[in-house]
2 protein chains.
Amino acid sequence: MALTIGDLSKATATKVETVRYYERIGLLPKPARTQGNYRAYGQAELGRLSFIRRARDLGFSLDQVRAMLGLSDDQACDCAGIDRIAREHLQEVERKIADLTALRRELTAVIQSCDGGTIADCRIIEALGPSAGI
Amino acid sequence: MALTIGDLSKATATKVETVRYYERIGLLPKPARTQGNYRAYGQAELGRLSFIRRARDLGFSLDQVRAMLGLSDDQACDCAGIDRIAREHLQEVERKIADLTALRRELTAVIQSCDGGTIADCRIIEALGPSAGI
DNA sequence: ATAGTCCCTGCAGTAACTACAGGGTCAAGA
DNA sequence: TCTTGACCCTGTAGTTACTGCAGGGACTAT
């Protein structure tokens, strides 16, 4: 019934040691234990870990992840604070979407030009260069 | 005329130490030096550093950045290899765009619901949960 | 010429993992 | 039953990607 640390590890492509590390720094709650002192998780922890991993993969720091998790943890927290944090993260998310969209366009162009021999004029760096975005 | 390490640092919001670090590990070329042994950069290095920083911010590892820079460095490299790397990165970029889009939707919902009192039902974790995307 | 702001090298410290070492738990098979 | 293999435990040391000094030189403006 309950999920082991190995189940969470496989489901989220996270090292077992990393799951324990997140517990140690307080990002994941201390889970229930079995008779044999094994960690026993539920679906909630799986969801939380999945969120952490994907947010990390998207370039958010653990402190930022902590703040976003706080948005869902503190149901009764004051709205002004939540609103500010959410707006900050939304701006960053939109900037990242814009950057990735530019990168996608250039990667597509590279693949296109690869069809016929060697790359004549690679613009992959220009895609995220100093004048791109913003 | 030439750019100092401080100019690059300011233009790309990168610590001076980090620029030197990228040079040390070979991500940035060893630049020309002035009489006083100061590093002297051009626009090409500025573009390259800008690319590195944005790619890092988007969650790519330095090894992945190195591979992407290789795409543009090796103009004469065989097309099959370039095509494979580019397609892999394109898939990853598209997954990240999908994740960020889901995250944007949930952050927007949080901000919306904040308008009238406390958050009733925050689904921010579900946005990047185990069944989201793909 | 001297104060302030930059630059240099080299090395130590931090964040976020990641990899053992040394040992316990548990299901399956001889 | 017992033992083999795959998993789990704690604790600690190493890695990646920066980041922050220390100690000293270069350049600019008063």
Side-chain angles (χ1 to χ4, degrees), chain A residues 1-42 45-46 48-70 92 96 128, chain B residues 1-42 45-46 48-70 92 96 128:
Chain A
M1 198 62 231
L3 302 164
T4 66
I5 197 169
D7 295 334
L8 257 67
S9 166
K10 266 162 224 149
T12 60
T14 307
K15 299 274 153 62
V16 167
E17 287 91 345
T18 306
V19 180
R20 289 196 278 252
Y21 169 72
Y22 289 155
E23 178 185 328
R24 192 148 41 82
I25 64 170
L27 265 189
L28 286 175
K30 288 191 188 299
R33 297 289 181 130
T34 65
Q35 265 89 353
N37 199 32
Y38 285 18
R39 288 167 178 82
Y41 295 102
E45 283 94 338
L46 174 57
R48 194 178 176 91
L49 176 58
S50 176
F51 177 85
I52 295 168
R53 293 303 288 177
R54 292 171 88 156
R56 288 288 299 127
D57 182 52
L58 295 171
F60 293 98
S61 73
L62 284 185
D63 272 359
Q64 289 176 311
V65 173
R66 208 186 297 271
M68 285 194 278
L69 286 170
E92 196 167 344
K96 288 183 182 202
L128 297 181
Chain B
M1 197 61 233
L3 302 162
T4 68
I5 197 169
D7 295 333
L8 256 67
S9 167
K10 266 163 225 148
T12 60
T14 306
K15 300 274 153 62
V16 167
E17 287 91 346
T18 305
V19 180
R20 287 196 279 251
Y21 169 73
Y22 289 155
E23 178 185 328
R24 192 149 41 82
I25 64 170
L27 266 187
L28 287 175
K30 288 192 186 302
R33 298 288 182 131
T34 65
Q35 265 88 355
N37 199 32
Y38 285 19
R39 288 168 178 82
Y41 295 101
E45 282 94 340
L46 174 56
R48 194 178 175 94
L49 176 58
S50 177
F51 175 85
I52 295 168
R53 294 303 288 175
R54 289 187 178 216
R56 288 290 301 128
D57 182 52
L58 295 172
F60 292 98
S61 72
L62 284 186
D63 272 358
Q64 290 176 311
V65 173
R66 209 185 296 271
M68 286 194 281
L69 286 170
E92 198 169 345
K96 289 185 180 193
L128 298 182

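Computed from a prediction, not measured in an experiment: that's the story for all the values here.
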Taking any heavy-atom pair under 4.0 Å as a contact, classify [X]: base, sugar-phosphate, or nothing.
| X | answer |
| --- | --- |
| B/Thr34 | nothing |
| A/Ile5 | sugar-phosphate |
| A/Arg24 | nothing |
| B/Arg53 | sugar-phosphate |

Closest listed nucleotide, where the reference is the side chain of [X] and the choices are [options]:
| X | options | result |
| --- | --- | --- |
| A/Tyr38 | D/dC9, D/dG20, C/dC6 | D/dC9 |
| B/Ser61 | C/dT18, D/dC7, D/dA17 | D/dA17 |
| B/Leu62 | C/dC17, C/dC8, D/dA17 | D/dA17 |
| A/Arg39 | D/dC9, D/dA17, C/dC8 | D/dC9 |
| B/Arg20 | C/dT18, C/dT9, C/dC6 | C/dT9 |

Phosphate oxygens OP1/OP2 of [N]: is one of them under 4.0 Å from a side-chain N or O of [X]?
| X | N | value |
| --- | --- | --- |
| B/Lys15 | D/dG20 | yes |
| A/Arg66 | C/dA16 | no |
| A/Thr18 | C/dC17 | no |
| A/Tyr21 | C/dA15 | no |
| B/Arg56 | D/dC18 | yes |

- Query: Can a salt bridge be assigned to the pair B/Arg66 and B/Asp63 using a cut-off of 4.0 Å between side-chain N and carboxylate O?
  - Reply: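 Answer for the salt bridge query: yes.
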- Item | Heavy-atom closest contact (B/Ala55 atom, B/Met68 atom, distance) |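 The answer is CB-CE, 4.2 Å.
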- Query: Between B/Arg53 and B/Tyr22, is a side-chain hydrogen bond (donor to acceptor under 3.5 Å, both in side chains) present by the stated rule, with each step listed?
  - Reply: CA-CA 10 Å; B/Arg53 294 303 288 175; B/Tyr22 289 155; 3.0 Å; yes
- Message: A/Leu46 vs A/Asp7, test: side chain to side chain contact (heavy atoms under 4.5 Å, CB included). Steps then yes/no.
- Response: CA-CA 9 Å; A/Leu46 174 57; A/Asp7 295 334; over 6 Å; no
